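Whatever order the structure lists them in is the order used to number ligands and atoms, beginning at 1. Predicted model only: the values in this text are computed from it and were never measured.
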Amino acid sequence: MVPSSLIPAIHTIAVDPIWPISLLVATFGIHLLLMNIALGGTFIVAWHSLSGGSKISRDLSGKLPTILALVINAGVPPLLFVKAVYAQFNYTSSVLMAVFWLAAVGALLIGYYALYYHYYRYDSMKDGGRKGLIFMVLCILLYVGFMLTNNMTLMLRPDHWIEYFQNPNGLVLNLNDSALMPRYLHFMVSALAVGGLFVAILGKMKSDQDYIKTGSKWFVRATIVNIGVGLWFLMALPRDIMLIFMGRDMFATVLLGIGMVGTLGLIHAGMKRNVVLSSVFTVIMVYVMIIMRHLLRKAYLSPYFKVEDIPVTGQYSPLYLFLISLVIGIIGIAYMLKLMFKAGRS
Ligand code: HEM
């Protein structure tokens, strides 16, 4: 069977695709940074719980429910933009893995509630219960992340959709893709680094050297490990696609170069325990990686689809409404966070 025959017909789009794609990149960065703090922070709390917990893990566990809520909210805009531009690919992959995909929603709800429970019962719970609960949340977040990587890679591989004919029950995953595991681990190890950075940022705000030292350690070690994982990911890509980062596409190659040099900058800033510089480098690097990820998606889909092929209807009013809502939403969230910090419940 020819894989392209499985791709649903192309849709129209209201505005030039450059708009939703730019907004996808911009909003995905926010989702990713927050997700990294939530997942990395949960890992650090779970890790510290093995040695009986610490002041840092208690403090961090109080921040996690709010951060997870923000992760979920910040995931919605990129989800809508992915659906707007890549509808025929992303809806199909979501349907193929529907059982795992829908289960992620239920799992997240349980994880979210469990994080609240973990914090509010931190002192009254027995040590075993506290450990069990935080490890359960960690497993849930790892599961959700794994499903997202599955979905975001399955949508790029119409040649893998054929598996549906052997497995039509919504249980198809992209497990036979050699790039799946390194891609997933690349995201998870970054989460550890950014989770560590968040601890260091808390330390900077409190002028607490213990926080800065612990956070910077996680940040530096995870970043060093991620050099290996990142190279594994690059090597695991199909050869034709990998070559876009090796000179075939100058922009992609320059980005990879910036990524490599930037990683050394991250490690240096982390080792010096310079929290501000580490944070600035991290935000820049996350966006460099997101643009590389976008070029990767473009390369994967190039045999089947180009965004330029989507017919544009030229109805700009929904976009204006979205931009106005976005600004109002950001102001609203900033105001709520301000109230929360003021009330001392952060
Ligand atoms: C806390 C739980 C979550 C974790 C751990 C998580 C993790 C991830 C990871 C690892 C990726 C990258 C996947 C890849 O490209 O290989 C990702 C992408 C994405 N996530 Fe999340 N996520 C979470 C919650 C959510 C929620 C609740 C939504 C939607 C409401 C969401 C929306 C998205 C979207 C749309 C993308 C892809 C964006 C794009 O392709 O440019 N995520 N997430």
Side-chain angles (χ1 to χ4, degrees), residues 17 20-43 46 63-87 89-91 93-94 97 100-115 136-157 173-175 177-195 226 229-230 233 236-237 286-287 289-301 307 329:
I21 289 176
S22 308
L23 288 163
L24 171 57
V25 167
T27 56
F28 181 51
I30 300 172
H31 169 65
L32 207 57
L33 283 164
L34 289 164
M35 178 284 274
N36 284 351
I37 298 174
L39 206 150
T42 305
F43 191 97
K63 314 242 179 296
L64 292 176
T66 312
I67 295 167
L68 188 61
L70 292 173
V71 174
I72 297 170
N73 280 292
V76 177
L79 190 63
L80 298 180
F81 291 121
V82 166
K83 303 279 184 204
V85 182
Y86 304 99
F89 298 96
N90 191 257
Y91 278 112
S93 55
S94 304
M97 57 175 289
F100 298 112
W101 187 238
L102 293 177
V105 178
L108 253 187
L109 284 177
I110 297 171
Y112 184 43
Y113 186 77
L115 271 184
M136 183 192 83
V137 176
L138 181 61
C139 291
I140 287 176
L141 297 186
L142 291 173
Y143 170 80
V144 175
F146 189 57
M147 289 310 136
L148 274 147
T149 297
N150 264 281
N151 199 342
M152 295 303 144
T153 54
L154 190 58
M155 69 174 264
L156 307 177
R157 302 298 305 256
L173 287 177
N174 198 27
L175 300 178
D177 185 333
S178 59
L180 179 87
M181 270 334 266
R183 177 173 176 148
Y184 172 62
L185 288 177
H186 195 45
F187 279 108
M188 297 302 108
V189 178
S190 323
L192 282 185
V194 179
N226 228 357
V229 181
F233 180 27
L237 293 172
V286 163
Y287 275 98
M289 296 284 156
I290 290 176
I291 298 172
M292 284 170 68
R293 178 174 169 276
H294 176 71
L295 297 177
L296 196 62
R297 168 146 61 201
K298 198 171 147 197
Y300 264 108
L301 291 180
V307 281

Less than 4.5 Å apart, side chain to side chain, heavy atoms only: is that true for [X] and [Y]?
X: L301; Y: L156; value: yes
X: Y184; Y: L148; value: no
X: L175; Y: M181; value: no

message: Tell me the closest heavy-atom pair linking Y112 and A69, and the distance in Å.
response: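 In terms of heavy atoms, the two residues are closest at OH-CB, 3.4 Å.
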
Can you give me a line-by-line list of nitrogen or oxygen pairs between ligand 1 and the protein shorter than 3.5 Å?
{"residue": "ligand 1", "atom": "15 (O)", "partner": "R183", "partner atom": "NE", "Å": "3.4"}
{"residue": "ligand 1", "atom": "15 (O)", "partner": "R183", "partner atom": "NH2", "Å": "2.7"}
{"residue": "ligand 1", "atom": "15 (O)", "partner": "R293", "partner atom": "NE", "Å": "2.8"}
{"residue": "ligand 1", "atom": "15 (O)", "partner": "R293", "partner atom": "NH2", "Å": "2.7"}
{"residue": "ligand 1", "atom": "16 (O)", "partner": "T149", "partner atom": "OG1", "Å": "3.2"}
{"residue": "ligand 1", "atom": "16 (O)", "partner": "R183", "partner atom": "NE", "Å": "2.8"}
{"residue": "ligand 1", "atom": "20 (N)", "partner": "H31", "partner atom": "NE2", "Å": "3.0"}
{"residue": "ligand 1", "atom": "22 (N)", "partner": "H31", "partner atom": "NE2", "Å": "3.2"}
{"residue": "ligand 1", "atom": "40 (O)", "partner": "R293", "partner atom": "NH1", "Å": "3.4"}
{"residue": "ligand 1", "atom": "40 (O)", "partner": "R293", "partner atom": "NH2", "Å": "2.9"}
{"residue": "ligand 1", "atom": "40 (O)", "partner": "R297", "partner atom": "NH1", "Å": "2.9"}
{"residue": "ligand 1", "atom": "40 (O)", "partner": "R297", "partner atom": "NH2", "Å": "3.2"}
{"residue": "ligand 1", "atom": "41 (O)", "partner": "R293", "partner atom": "NH1", "Å": "3.0"}
{"residue": "ligand 1", "atom": "41 (O)", "partner": "R297", "partner atom": "NH2", "Å": "3.1"}
{"residue": "ligand 1", "atom": "42 (N)", "partner": "H31", "partner atom": "NE2", "Å": "3.0"}
{"residue": "ligand 1", "atom": "43 (N)", "partner": "H31", "partner atom": "NE2", "Å": "3.3"}

message: Could you measure the distance from the CG atom of L39 to the CG atom of L142? Nearest 0.5 Å is fine.
response: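 Result: 5.5 Å between the selected atoms.
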
query: Say you draw a straight line from CE of M188 to CG of N226; how long is it, rounded to the nearest 0.5 Å?
result: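 Answer rounded to 0.5 Å: 10.5 Å.
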
